[in-house]
Amino acid sequence: MAELTYREAVARGIAQELERDERVVFLGEDVAKAGGVFKATVGLYEQFGPKRVRDTPISEQAILGAAMGAAMTGLRPIAEIMFSDFLAVCFDYIANEFPKSRYMSNGQLQCPLVVRTGNGAGSRFGAQHSQSVENWAMMIPGLKVVAPSSPVDVIGLLAAAVRDPDPVVFFEHKSLYGTKGEVPDGEIVDRLGTAKVVRAGSNATILALALMVPRALEAAEKLKAEHGIDAEVIDVRSLVPLDTQTILSSVAKTGRLFTVEENPRLCGWGAEIASIVADEAFYDLDGPVVRITTPHIPLPAADNLEDIVLPTPERIAERVRRAMA
Amino acid sequence: MAELTYREAVARGIAQELERDERVVFLGEDVAKAGGVFKATVGLYEQFGPKRVRDTPISEQAILGAAMGAAMTGLRPIAEIMFSDFLAVCFDYIANEFPKSRYMSNGQLQCPLVVRTGNGAGSRFGAQHSQSVENWAMMIPGLKVVAPSSPVDVIGLLAAAVRDPDPVVFFEHKSLYGTKGEVPDGEIVDRLGTAKVVRAGSNATILALALMVPRALEAAEKLKAEHGIDAEVIDVRSLVPLDTQTILSSVAKTGRLFTVEENPRLCGWGAEIASIVADEAFYDLDGPVVRITTPHIPLPAADNLEDIVLPTPERIAERVRRAMA
Amino acid sequence: MNVRQKPGAAARVNDDIASETRLDLYRRQVEIRDFEKRAYDLFLQNLVKGTSHLSLGQEAIAAGFAVAMKEGDKSFCTYRGHAHTLARGVDMEAVLGELMQRDNGLMRGKGGSMHLTSVDHGVMGSYAIIGAHLPIACGAAWRAQYLGDDDVSVCFFGDGTTNIGAFHEALNFAAVWKLPVVFCCENNLYMEYTPIGEVTAVENPAADRASAYGLESIIVDGNDADAVYRAAEAAFAKARAGEGPSLIECKTYRHSGHSRADPGKYRPEGELEKWLERDPVKVYRARLSEFGFSEKEIAAIERESKAKVDAATEACKGAPPPPDEILATDVYADGGWAWRN
Amino acid sequence: MNVRQKPGAAARVNDDIASETRLDLYRRQVEIRDFEKRAYDLFLQNLVKGTSHLSLGQEAIAAGFAVAMKEGDKSFCTYRGHAHTLARGVDMEAVLGELMQRDNGLMRGKGGSMHLTSVDHGVMGSYAIIGAHLPIACGAAWRAQYLGDDDVSVCFFGDGTTNIGAFHEALNFAAVWKLPVVFCCENNLYMEYTPIGEVTAVENPAADRASAYGLESIIVDGNDADAVYRAAEAAFAKARAGEGPSLIECKTYRHSGHSRADPGKYRPEGELEKWLERDPVKVYRARLSEFGFSEKEIAAIERESKAKVDAATEACKGAPPPPDEILATDVYADGGWAWRN
Ligand SMILES: Cc1ncc(C[n+]2csc(CCOP(=O)(O)OP(=O)(O)O)c2C)c(N)n1
Ligand SMILES: Cc1ncc(C[n+]2csc(CCOP(=O)(O)OP(=O)(O)O)c2C)c(N)n1
Ligand SMILES: [Mg+2]
Ligand SMILES: [Mg+2]
């Protein structure tokens, strides 16, 4: 057991996989000699050398295209796209190439790769470096989509993603890089498609992802302490495959659903899950499904403004309380 | 009054705006001399000349970037992205540049432009030329998003889009280009943000967009004739701004909501609207909100397979009937 | 160093090509030609569905490259990929079946004519979004370099493709990483319906940009299979020697429209006729005669080709459409499409 | 024709620059220098928030271009845009306020340091996604061409940016359309922490690619404001004459880290020191002396600059944060953010 930061967990997760399998290679901008702009890949270049850990030009299309070509011919690449906002400059690979090649070739082609990317707000970087864009990936058939909230999940889910035979987009939250957590020694491998009940409760179900998980937990404690509302908090972890069973069973138990999303409101993962629940668990619901999201606006840079737009524990608690009143 | 095809309506709509305002310019690949690959812009080059109707290289980023630069300095560009699937190669402009520049500059910059693009399936073109991707635009704060289903709406909504001071993504449906409709003479200008009740009904509300509108109407006729279910059909037309009033009033009346989407299932506009209704009209609903969509898979090329994946009038009617049983 | 072979000069510098190679080059060109003509006929009969992009007039490039390739080399094609797929030896019936969207199709109708793929033959897919496959070809070449394999990735694309961003990123990336990849630009003078010169800042869209990636400028007569073959051979040798990528611009012309029923009206009068005089199949037939191959040998190839196309046509006409149940298979590696539990 | 000015040679060819212009060039460099040093201090005090990308060492480029520009010309900058914004005459307090995310900021804190914009001064935005603004600058130039206006768009970017697709698309597009746009590549030898040579196929990332767009190869000593000014003037004259775009590569070096608290440890020993000897502010101060400007004149400029920076600092320290209610304004042109009725 050791206490690691989320940042250190990224490096450890990649190292674990590089060590395990010669076919695993890692590429991205400033990821090798410099150890990454978020310092999340420090030491990998030194440990595994320039053949397996490679710096690239500022060419996101080349990065993802090269990862795909290598993946379809036998390697297991991990590609870094520094900020998830930059998925927009290489979106053809995300939307049209990775996820369709297996299907279009009737199963001949494979695309076992992982795109790691720094997602989310909180650093006062403004509208082009702070977005939460999990839905950009979730809406594309053929991808898998993961977003861990703790160091141990980073390692376990990254390992699962690297070993998965399908393309996985792996969202790391920039504002979690500095957070810490206990991590067992030895190899850690988790399973994609599994949500985690991080707080059991009976009155309401709160779904959250990444940075919103600790906030939802804090909200749940407040709700309990101040209003006697006992909320179950579920860390969704994996948007595709989606663990609808865990979600639907929780709603069957609590009768109320709240989703807490950092991404802007329209067409987020919350909308998808709310729709599933509103259809399949209609008769379990004791009240409306409520989505708590960042408003549908670009993100402001200023710290005081940025702090207001993202769902806070206070806002989450208040919204749940009001709905349950 | 004249009968026009949807294709001819596109050309007439662009011509109307080019004629009205010198600041309107039109650019894209093969749009000028060749009249567009869908022949939707035939005659514009001849009528307005090479200064206003311009062919470009295969450089979608340059097309959208140039449109943006021209728009922010005073022109009113219409840019064509041939197939909406190709929005992925210029997605940075859609996701990060157009919609954020006004906000980030605190209102100093403007981006009054229209991106027209051929959307949707039905031509047996396979997974990279058949997608419905309205949600790629709808999920981005700062854009407006329109998808007409008839020739008269093409002209009126295109005019509204060109005159709108914000960036608009305008989805034309490839399988509608050949369809016909009555179009009044003279200038036609419609309003963004307005849905249209295309069939009044009292038992259920069916929302549809673009190619799904005629199919939903056909389903409604079947439902009435075969099962006595009187469905109201709403052509959503504009995803942003979204006419939630029309939708919520209809649901208040009918108590049931069905959305019919061509896009793949996850995080589509149906999910967004279903979530809004499941929250705000919870107590109006007499049963689950049901989404009828293309399954969450890449699109097959073969005609018989493509015909199965898109919602058909039969599938829509059957799904509604089953839910209402 | 520039390697430039003026049209017509090639026969002289290619005197030492082996006879089997010559017959092979001719056979592949003829088969592609016959196939493409048949595909066009079937399109007019509404039996080839969706879209279809023929390589009529560009056969020498597909043949020249394919003959120079060895097993294990990888081809990355575009929507205009029938020729390259056939040239690598993929079964004609399977290719035609895909165009006709039948169950016997190469991908059982799931991909369609723009996405022909036969991993067994090294045809690692055909890509329909302009430029996308150039970086992908880099990736396959990276794998070879990484594992110390000596296979080469070859990426075919058109003149119009040189103006998209992915072209630039791929060329720079390949050069910096010294990847064993060969980029082949088939300059058929048009980007769809627009003359390439109207939308490109340089005269030779690929060759004039080679220096931007530290590469030599190579222009080849794309209607001369020998010239193409030689250029490909040289580029492959360079790649296998660990000396990095090449960019080859083949000058050619498509005899038919861009796709489907495009009548090609945008062409100046006489242009097609001029190029038809340099029809690669005709040129190569004359070459064979010149090099002493008998009319009988040549005619046998042509006869066999026609028979193959006829047989494929019959087989495909009789083939059923794909069954409904393959609709949702192979979205994910587990064979299915489940995105939830 | 190549226009190459070796470091040091510039003084000789620029003998005829007017005295006011010289003082102007110096003043802008000094102001940028003082501003950037202050920004760094404030960053260390946690008063400049988020990120910040300084142009210490690159001031001659901003000054040289800005002095050559006329009112109405448009600047398109990157995240490393403080210098270019100030050089166009934008109020120092407003720029610093934006870095400090105060209500007096140029965009009231909504944009942040990477997106400085002042339409009134022709600063049409600063863009933080590499490459995006090159096509956008083409669009502004297209408007000028279309309306027959004679303003020029200038687009600044770094060496690393030459490897992204949008660079290629923009350059070709500008050349084909003959747009009045000037592309200025500030080659400071690094793409963030990676030496540009390790990721680029040519030695001069911009200049060696000019020919791929039919443009001349132009390399300028970016630490010599006179040389930059002259090169900019020539490019602007060309653009205004309707002769199309230019691509200018300025060789320079940033004295500080890439952003925020980057200590720049990846630099080989002695590299910074070598470049500090050719510090553009120092070089230009010596130039002024050489050309007979008095120590008093020079010192006055420096004194005024320091006073300006101090005043701006005080004003910003006292300024409030932006009020909550501007959070959701100006998403749409109606001033609000409503996406539904
Ligand atoms: C990104 C993208 N933009 C546009 C298209 C539409 N398109 C298909 S083929 C083509 C022309 C390509 O020209 P070229 O590269 O010369 O190849 P050719 O068709 O002549 O073989 C275009 C514009 C596309 N498929 N992808
Ligand atoms: C598309 C994209 N990729 C990566 C980045 C991250 N990034 C920011 S600055 C930078 C380096 C840019 O180098 P250069 O163009 O030389 O400009 P400089 O910072 O040296 O002025 C990178 C990679 C980005 N902002 N956008
Ligand atoms: Mg071509
Ligand atoms: Mg740099």
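Remember, it's a predicted structure, so these values are computed and weren't measured experimentally. Here is how names work: the chains are called A, B, and so on, in the same order as the sequence lines, proteins then strands, and each is numbered from 1.
The distance from the CG atom of C/N172 to the CZ atom of D/R209 is 4.5 Å, given to the nearest 0.5 Å. In this structure, the separation between OH on D/Y213 and CG on C/N163 is 9.0 Å, given to the nearest 0.5 Å.
Of the two parts of C/E203, neither the backbone nor the side chain holds a non-hydrogen atom closer than 4.5 Å to a non-hydrogen atom of chain D. With a threshold of 4.5 angstrom between heavy atoms, D/T162 approaches chain C through N, CA, C or O but not through any side-chain atom. Within the 4.5 angstrom heavy-atom criterion, only side-chain atoms of D/F167, from C-beta onward, approach chain C.
In terms of heavy-atom pairs under 4.5 angstrom with chain C, the leader among D/S211, D/P205, D/G197, D/A201 is D/A201.
Annotation for C/I164 and D/E169: closest pair CG1-OE2, 3.3 Å, computed over non-hydrogen atoms.
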